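Working notes, structure below.
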Amino acid sequence: MQSLKDKDKQYIWHPFTSLTSAPEPIPIVKGEGVYLVDETGNRYIDAISSWWVNIHGHAHPYIAEKIYQQALQLEQVIFAGFTHRPAIELAERLMAVLPGNFSKIFYSDNGSTSTEVAVKMGLQYWWNKSSVKKTEKIKILAFKNSYHGDTFGAMSVSDRSIFTMAFQDKLFDVIFIDTPTPENIGELKEVIRLHAQHTAAFIYEPLLQGAGGMKMYDALLMDELIFTCQQNNIICIADEVMTGFGRTGRLFASEYMKAKPDIICLSKGLTGGTMALGVTACTQNIVDAFLSEDELKTFFHGHSFTANPLACTAALASLDLLQKDSCQQNLASICSNNRNFIEELKKYNNVKNARCLGTIIAFEYISDDYDYLNNISQVITTYMLQKGIYMRPLGNTIYLMPPYCITMEELHVVYNAVIMLIKDEVDSQKNNAIKEMIE
Ligand SMILES: *Cc1c(COP(=O)(O)O)cnc(C)c1O
């Protein structure tokens, strides 16, 4: 009989994975809180929340029960011409907590579609507002090193990289600017003013560029950029697909800024990481440009599974858990332990740029000369798996992003393993392996 691994190899094409050089995937048969359990019974602490989505741990009984009850009631219905309670309740509850004056929720089914929707809304806003259906405000402004997803629009507004190289000439033009620093802020504001006349929208990952290497930047400076954009009639789109729902220590990263976005994108933690769902919320000002008798001004966008009732139910259940005192307290403990841990990390010579934002810790290991394709990441992943921890460094950027239900004991198990990894003398075998790969 073929093993799961053999059948996988025969039939499956995995995301972001080489078909030739990647190690065999590990069949996971069970999730339990922060743990993933494999076929042979090995347990791994999921220290990156399964690609940043899981916030309450795996197979949470409360969320599972709610999904089950909803599945018996209504599993899916077309969302054009019909509506349902889970979508309405979720919109109402999100509206109460979102960072800004939002007035409508548009559903889709993942992070890339949520940013795709936001960019289309931003562009069509100006098209709708022009009486001749032609506008010069057609450009998008984005950060260098940004990541907003893998569909074509989302790829276009993401920085060009090895991942988009094959599609370079199919991606639309975007004005890329640096993230703000005290040195460049004046210049950035100048660039924004310079391009304002032709720019429809500015899309940004607030305070933290995730896939771009967990790079963090300052809230006060970001405030200045958002204000400058809004003063110059540029729609501000906060991509909180990753930073939303407590990740940065507050419910949304945009809460760290005074200036509020006009559009916000959510996914990943939205359903507690149980089901695929995307949300794009916008202010009344955006909505107003679509309030028209002219049918051509309709927002013609949708997906088969828009506002899937099971996914909306999972999101409502996740919000219930997130708003509990016990969850908020544990979240706060993770944040304060993280702050202490980076002070410890800073003592090591082979740790560069140790930083943290809420539940996220990141640092560069040894040097920042190695890019994503270098398999130092794979070496570290394998090393950590042997220690019962799942991590997936971005190149030599090691980061932790645990589910909020992790206990402080479990968190310190992870910290200790990280310390073992960076202590050269502990495991010379591992170091030799890493050195060989670097050379
Ligand atoms: C992951 C991510 C996306 C894309 O979300 P998917 O659900 O993977 O399509 C978009 N923006 C940010 C900031 C992300 O981290």
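Just so we're clear, the structure is a prediction, and the values are computed from it rather than from any experiment. Just so you know, ligand 1 is whichever comes first in the structure, and atom 1 is the first atom listed for that ligand.
Other residues, nucleotides and ligands place no more than 12 heavy atoms under 6.0 Å from the CZ atom of F82.
Closest heavy-atom contact between Y399 and A362: CB-CB, 4.0 Å.
Distances shorter than 4.0 angstrom do not occur between any heavy atom of E240 and any atom of ligand 1. A heavy-atom separation below 4.0 Å is not found between W51 and ligand 1.
Contact annotation for H148 and ligand 1: only backbone heavy atoms (N, CA, C, O) come within less than 4.0 Å of the ligand.
With values rounded to the nearest 0.5 angstrom, K215 atom NZ is found 11.0 Å from E205 atom CD. For the atom pair I203 CD1 and S156 OG, the distance stands at 11.0 Å (nearest 0.5 Å).
Remark: side-chain polar atoms of E240 are paired, donor with acceptor, to backbone N or O of A253 under 3.5 angstrom. Looking at Y107, its side chain never comes within 3.5 Å of a backbone N or O of G278 through a donor-acceptor pair.
For ligand 1, the polar-atom distance check against S112 finds a nitrogen or oxygen pair separated by under 3.5 Å. Below 3.5 Å of separation, one finds no N or O of T115 facing any N or O of ligand 1. When only interatomic distances are considered, the shortest N/O to N/O separation between D239 and ligand 1 falls below 3.5 Å. For ligand 1, one of its N or O atoms has an N or O atom of G111 under 3.5 Å away.
Summary of contacts: the protein heavy atom closest to atom 2 (C) of ligand 1 is K268 NZ, 2.6 Å.
By the 6.0 Å and 45° rule, K387 stacks over the aromatic ring of Y383.
For atom 8 (O) of ligand 1, the protein comes within 4.0 Å by no heavy atom at all.
The atoms of ligand 1 that sit less than 4.0 Å from any heavy atom of W52 are 15 (O).
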